[in-house]
Number of protein chains: 4
Amino acid sequence: MAETDFSDRQVQIINAAIKLIGEGGIQLLTTKNLAREVGVSEPALYRHFSNKVDLLRQVLTYLRSRIVQRLNEVAGSDLSPSEKLRELVIRQFTAFSNRPEVVVVLLSEGLYQNNNELSAFVFSIMQVSSSYYLKVIKDGQKTGEFRNDVTAERITFMIMGSMRFCVIQWHLSGFSYKLLPKGEELLDTFFTLLKS
Amino acid sequence: MAETDFSDRQVQIINAAIKLIGEGGIQLLTTKNLAREVGVSEPALYRHFSNKVDLLRQVLTYLRSRIVQRLNEVAGSDLSPSEKLRELVIRQFTAFSNRPEVVVVLLSEGLYQNNNELSAFVFSIMQVSSSYYLKVIKDGQKTGEFRNDVTAERITFMIMGSMRFCVIQWHLSGFSYKLLPKGEELLDTFFTLLKS
Amino acid sequence: MAETDFSDRQVQIINAAIKLIGEGGIQLLTTKNLAREVGVSEPALYRHFSNKVDLLRQVLTYLRSRIVQRLNEVAGSDLSPSEKLRELVIRQFTAFSNRPEVVVVLLSEGLYQNNNELSAFVFSIMQVSSSYYLKVIKDGQKTGEFRNDVTAERITFMIMGSMRFCVIQWHLSGFSYKLLPKGEELLDTFFTLLKS
Amino acid sequence: MAETDFSDRQVQIINAAIKLIGEGGIQLLTTKNLAREVGVSEPALYRHFSNKVDLLRQVLTYLRSRIVQRLNEVAGSDLSPSEKLRELVIRQFTAFSNRPEVVVVLLSEGLYQNNNELSAFVFSIMQVSSSYYLKVIKDGQKTGEFRNDVTAERITFMIMGSMRFCVIQWHLSGFSYKLLPKGEELLDTFFTLLKS
DNA sequence: CATGAATGAGGGTTCATTCAT
DNA sequence: GATGAATGAACCCTCATTCAT
């Protein structure tokens with residue numbers, strides 16, 4: 001897809017931006033800091049992005065493509081719905097563990113508050129993810145693995161909300177503990193509550 | 001408590017600050033905007049707050065005291081655990097509906113990312129709220145209203161997470177729909193899932 | 001003399017001002033700091049001084065009157081010129097030792113640079129002092145105690161310059177050593193060089 | 001030495017700063033005034049100096065290097081000690097005559113009072129100068145040109161003090177008379193008093 | 001005599017961005 | 001591609017001073 005066609009420099013800049021935001025929020029993402037991080041001059045950045053919003057757009061585009069790719073890998077597997085749910089959660093949390101900065105970029109919607117486009121972008125990433133979970137829950141309900149007396153939409157909603165809450169707390173703690181065990185706990189709760 | 005003793009002007013400034021943050025995030029909370037909003041000069045603000053961080057601290061203090069007050073009202077009532085849970089959710093969502101700006105201040109943790117103290121403050125507000133929900137769930141488990149095979153902590157976690165997610169989506173939508181029905185839906189889901 | 005008619009409050013403010021200047025130069029002498037130091041509100045200061053320049057004028061007036069008084073005590077004594085010289089130096093240095101802040105006020109002419117009147121005031125204090133030393137040197141030359149082949153004016157000039165230099169170094173050192181021994185050394189040098 | 005490697009713009013800014021301080025003390029050295037003087041915008045200054053203290057540091061560095069250069073020229077010459085003393089004084093006073101502003105920067109220690117580093121810097125410039133004079137006096141004592149019954153240190157002290165006093169008076173007078181004749185007078189006095 | 005509240009002017013500094021080279 | 005230099009706009013904050021009470 002064209003949207004994921006980034007030059008090496010662009011990817012380098014995107015990753016530097018993610019790192020900066022991860023370190024101290026969008027306030028740290030200044031052209032000066034970014035240039036220093038990348039090791040080029042400030043004007044040089046403008047060869048690769050037309051302005052700061054464009055940069056953030058590309059950061060989100062970049063992250064979305066990787067998330068979707070991960071979601072597709074799971075969705076395309078021949079696991080059972082329950083196993084897929086587990087896989088989705090574990091993979092997501094593993095990805096965050098490996099790169100906590102991404103949490104800040106993706107889960108701090110407030111950051112883009114004054115820019116509808118970017119907020120909408122973040123929202124869309126959230127909804128794309130949702131749709132995969134929804135599918136899995138629906139499948140699980142069809143197979144009878146998951147209870148049927150609550151709509152798949154509502155179940156998905158609770159799962160997404162819990163996951164986000166989990167990650168946000170981890171973030172607010174300064175990433176001071178391991179995220180994965182929390183994911184296991186969550187899954188445990190999910191399965192208990194969803195048992196039909 | 002003395003910490004909630006604000007002068008009229010201070011309350012006025014606090015509310016103006018909340019309004020500004022609500023409108024466009026912390027980026028909009030500049031001394032210039034704030035002064036304009038309050039209708040005084042910039043230096044005048046500094047008679048009432050020693051600096052911007054202090055202002056934010058007081059904003060959070062102010063909001064926390066109102067939240068705790070609301071929580072106490074419910075906790076102190078003689079409702080059943082189920083009814084209390086409903087009351088907590090409805091009141092919280094009603095409060096947000098009446099003043100959507102507060103959502104931005106309280107649920108956009110990222111806003112304070114570069115200030116540990118403020119982040120911790122927001123975190124603490126979250127945890128205070130949590131503790132009230134936890135108590136209610138525990139009570140409900142004792143009375144047998146809520147299922148017992150999942151710990152109260154985990155249930156609370158899911159409830160808080162779902163509520164937050166609900167509010168955040170509402171926020172990202174630009175407060176474009178009514179929040180309260182979503183709360184009712186949530187409660188409906190909770191009660192179905194928690195039935196013992 | 002009318003110029004030394006200060007109310008108690010005025011003296012209190014003057015001394016607070018001297019203390020502040022002593023601590024960190026004129027930059028520290030803000031109305032806010034001064035009010036805090038005195039223990040009154042900022043506007044209250046304006047009951048006693050019409051503005052900051054007026055305050056500084058009174059500070060200098062106050063200090064000049066005390067300096068002149070000290071000089072007169074020595075000049076009016078029936079000591080020999082040599083003894084008077086010694087007495088002048090020792091008393092001056094003793095006064096500075098007791099109140100190092102005054103050094104900053106009196107010997108940092110640069111502080112008043114942008115105000116001709118105050119600069120002139122400081123200059124006049126310097127010249128008043130000079131005149132007393134000059135008289136003593138002249139007397140000493142008449143009695144033959146001091147050499148005659150250099151004019152009293154030039155000798156006075158060297159004495160004043162050396163003393164100032166001595167005090168300024170003491171100041172730049174952060175008042176980290178005893179000033180009086182340096183005065184003794186100076187006197188020793190003077191007497192050796194001035195011996196006729 | 002690398003520390004004296006200033007770009008053209010930096011030198012231009014340094015000189016503008018010296019001019020401003022000369023005109024009205026450090027109070028006149030604002031970024032706004034400086035920018036106007038240099039003919040650039042305020043932010044432009046920050047490409048050449050990281051902040052105001054850094055600017056002052058560089059101003060002092062710049063002046064020190066020129067002073068030391070001048071001192072070395074004299075010290076390295078094959079003049080006699082007496083002639084060297086004369087040369088040191090005359091050159092110093094000539095330099096000040098050509099650029100009276102420098103006097104304000106170098107002899108108004110009070111200006112930097114609230115910044116230990118800068119005060120120490122000024123102090124060090126003073127001491128470097130001192131050391132050259134001391135050497136000359138010592139040499140003169142060895143050759144018998146200067147009297148021996150007062151230590152070279154004390155003599156140097158008196159010379160430095162007198163010179164400073166001379167320059168400060170000139171400054172306080174608003175540079176209203178010629179400095180050089182005063183230097184000649186001073187030298188005359190020195191030679192008379194130091195004759196062995 | 002004193003204060004709380006306020007203010008115009010101005011302080012140093014950082015921002016995203018542009019432009020000539 | 002990349003850079004050094006520059007800038008308008010804006011940032012938070014402090015100053016001496018005034019005024020109603």
Side-chain angles (χ1 to χ4, degrees), chain A residues 7-10 13 26-35 38-56, chain B residues 7-10 12-13 26-36 38-56, chain C residues 7-10 13 26-35 38-56, chain D residues 7-10 12-13 26-36 38-56:
Chain A
S7 70
D8 288 359
R9 242 302 116 90
Q10 273 177 320
I13 296 174
I26 218 141
Q27 289 97 326
L28 234 59
L29 181 64
T30 65
T31 50
K32 192 180 194 177
N33 287 344
L34 189 59
V38 176
V40 299
S41 68
E42 289 180 72
L45 298 175
Y46 285 83
R47 292 258 148 214
H48 306 284
F49 299 95
S50 52
N51 54 46
K52 209 177 158 186
V53 168
D54 183 42
L55 166 62
L56 286 167
Chain B
S7 70
D8 289 358
R9 221 340 91 91
Q10 274 177 321
Q12 193 188 357
I13 295 174
I26 221 146
Q27 290 94 329
L28 231 59
L29 181 65
T30 66
T31 50
K32 188 172 287 183
N33 286 343
L34 189 59
R36 188 191 306 125
V38 176
V40 297
S41 68
E42 290 184 62
L45 299 174
Y46 286 83
R47 285 209 74 75
H48 306 282
F49 299 96
S50 51
N51 54 48
K52 209 178 160 186
V53 167
D54 183 42
L55 166 62
L56 286 167
Chain C
S7 70
D8 288 358
R9 243 300 120 85
Q10 274 177 319
I13 295 174
I26 218 141
Q27 289 97 327
L28 233 58
L29 182 63
T30 66
T31 50
K32 192 180 194 178
N33 287 344
L34 189 59
V38 176
V40 298
S41 68
E42 288 179 73
L45 298 174
Y46 286 83
R47 294 257 148 215
H48 307 283
F49 300 95
S50 53
N51 55 46
K52 209 178 160 186
V53 168
D54 183 42
L55 166 61
L56 286 167
Chain D
S7 70
D8 288 358
R9 217 347 87 89
Q10 274 177 321
Q12 192 189 357
I13 295 174
I26 222 146
Q27 289 96 328
L28 231 58
L29 181 65
T30 66
T31 50
K32 189 168 287 182
N33 286 343
L34 189 59
R36 188 191 308 124
V38 176
V40 297
S41 68
E42 289 182 70
L45 300 174
Y46 285 83
R47 284 209 74 76
H48 306 283
F49 298 96
S50 51
N51 53 49
K52 208 178 161 187
V53 167
D54 183 43
L55 166 62
L56 285 167

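On a predicted model such as this, the values are computed, not experimentally measured, just so you know.
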B/Lys32 NZ - E/dA9 P separation (whole Å)
14 Å
Mind checking if B/Leu29 touches a base, just sugar-phosphate, or nothing, with heavy atoms under 4.0 Å?
sugar-phosphate
Among the nucleotides F/dA5, F/dT17, E/dT17, which one has an atom lying closest to any side-chain atom of C/Tyr46?
F/dT17
On a heavy-atom basis, the closest approach of B/Thr30 and B/Asn33 is OG1-N, 3.0 Å
Closest to the C/Thr31 side chain: F/dC12, F/dG4, F/dA16?
F/dA16
Considering only E/dG11, E/dT17, E/dT3, which nucleotide approaches the side chain of D/Lys52 most closely?
E/dG11
Figure out the CG/P separation between C/Leu34 and F/dC15, and round it to whole Å.
12 Å
Contact nearer the 5' end of DNA chain F, comparing C/Ile26 with D/Ala44
D/Ala44
Could you give the CZ-to-C1' distance, from A/Phe49 to F/dA2, as a whole number of Å?
16 Å
For the pair B/Leu45 and B/Leu55, evaluate side chain to side chain contact (heavy atoms under 4.5 Å, CB included) and give the outcome as yes or no after the intermediate values.
CA-CA 9 Å; B/Leu45 299 174; B/Leu55 166 62; over 6 Å; no
How close do A/Ile13 and A/Phe49 get, heavy atom to heavy atom, and via which atoms?
CG2-CE1, 3.5 Å
My understanding is that a pair needs two contacts under 3.5 Å, Watson-Crick or G-U wobble. By that rule, which nucleotide pairs with E/dA20?
F/dT3
Whole angstrom value for the distance that separates C1' of E/dC1 from CG of C/Asp8
14 Å
Write down the distance separating the C1' atoms in E/dC1 and F/dT21, rounded off to the nearest Å.
13 Å
Using whole Å, what does the distance between atom P of nucleotide F/dG1 and atom CZ of A/Arg9 come to?
10 Å
Reading DNA chain F from 5' onward, which residue's closest nucleotide shows up sooner: C/Gln27 or A/Ser41?
A/Ser41
Applying side chain to side chain contact (heavy atoms under 4.5 Å, CB included) to A/Arg9 and A/Val40, what does each step give before you reach the verdict?
CA-CA 10 Å; A/Arg9 242 302 116 90; A/Val40 299; 3.4 Å; yes
Just to be sure I understand the rule, does B/Thr30 reach a base, reach only the sugar-phosphate, or reach nothing, if contact means heavy atoms closer than 4.0 Å?
sugar-phosphate
Check the distance between F/dA10's C1' and D/Glu42's CD and give it to me in whole angstrom.
12 Å
Rounded distance (Å) that lies between atom P of F/dG4 and atom CG of D/Leu45:
18 Å
Compare the minimum distances between each of E/dG11, E/dG4, F/dG1 and the side chain of A/Arg47, then state the nucleotide with the smallest one.
F/dG1
Report the distance from atom NE2 of C/His48 to atom P of F/dT17, rounded to the nearest whole Å.
16 Å
Would the distance check show the side chain of D/Glu42 and the main-chain N or O of D/Ala35 forming a donor-acceptor pair, the cut-off being under 3.5 Å?
no
Side-chain atoms of C/Pro43 come closest, of F/dC12, E/dA5, F/dT17, to E/dA5
